[in-house]
Amino acid sequence: MVEKVGCVYCEAWDRNIGPGYAASDAGRAAPLMRVDIHGPYPDGLALARRPFVTPTFILLDGGSEVGRLEGHMTAAQFWPALNALLDQAR
């Protein structure tokens, strides 16, 4: 999850989706790592492009980007979008 301090949409995700994320099937398949939009980013990442909006969720496989979700989503939007991204990556 690419985030930034003071991002109201990141805070909304933390309140509305975050509490159940780690316990979900998707959360177990794609554990959450948080990175500030201004970095530093972990070494060895191969991203399609630098994130420019928060929150951005980047799905990685071996450090390479396989897909991303950009911007604020409600829980009703987030879960199906994440599951579709995970299905696409399989």
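Remember, it's a predicted structure, so these values are computed and weren't measured experimentally. Quick note: residue numbers are just sequence positions, from 1.
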| message | Please tell me whether Leu86 and Phe78 are part of a single hydrophobic cluster in this structure, the criterion being side-chain heavy atoms less than 4.5 Å apart. | response | yes
| query | Which atom names give the shortest non-hydrogen contact between Met73 and Ala81, and what distance separates them? | reply | SD-CB, 4.1 Å
| query | Which atoms form the tightest heavy-atom contact between Leu85 and Gly67, and what is the distance? | reply | CD1-CA, 3.6 Å
| request: Compare all side-chain heavy atoms of Pro55 with those of Met1 and state whether any distance is below 4.5 angstrom. | output: yes
| query | Roughly how far apart are His72 NE2 and Cys7 SG, rounded to 0.5 Å? | reply | 9.5 Å
| said: If you define the side chain from C-beta out and look only at heavy atoms, does anything of Arg50 sit under 4.5 Å from Tyr41? | reply: yes
| query | Under 4.5 Å between any side-chain heavy atoms of Thr56 and Leu69, yes or no? | reply | no
| query | Judged by atom type as modelled, is there a donor-acceptor pair below 3.5 Å linking the side chain of Glu65 to the main-chain atoms of Ala48? | reply | yes
| query | Is there side-chain contact between Arg68 and Leu59, with heavy atoms separated by less than 4.5 Å? | reply | no
| field | Between CZ on residue Phe52 and CD on residue Glu70, distance to nearest 0.5 Å | value | 5.0 Å
| message | Please give me the minimum heavy-atom distance between Ile37 and Lys4, naming the atom from each residue. | response | CG2-CB, 3.8 Å
| Residue pair Ile17 / Trp79, side-chain heavy-atom distance below 4.5 Å | yes
| field | Any Tyr21 side-chain heavy atom under 4.5 Å of Leu82 side chain | value | yes
| request: Decide whether Met33 and Leu45 are clustered together by the hydrophobic rule: side chain heavy atoms of Ile, Leu, Val, Met, Phe, Trp, Tyr closer than 4.5 Å, transitively. | output: yes
| field | Shortest non-hydrogen separation from Ala75 to Pro80 and the atoms involved | value | O-CD, 4.1 Å
| field | Pairwise distance CG(Asn83) to OG(Ser24) - rounded to 0.5 angstrom | value | 8.0 Å
| note | On a heavy-atom basis, the closest approach of Val53 and Gly71 is CG1-N, 4.0 Å
| request: May I ask you to test the Arg49-Leu47 pair for a side-chain heavy-atom distance under 4.5 Å? | output: no
| said: Between Phe57 and Val2, is there a side-chain heavy-atom distance shorter than 4.5 Å? | reply: no
| Looking at Pro51 and Ile58, what are the two nearest heavy atoms and their distance? | CG-CD1, 3.8 Å
| field | Lys/Arg-Asp/Glu bridge criterion (N-O < 4.0 Å) met for Asp61, Arg90 | value | no
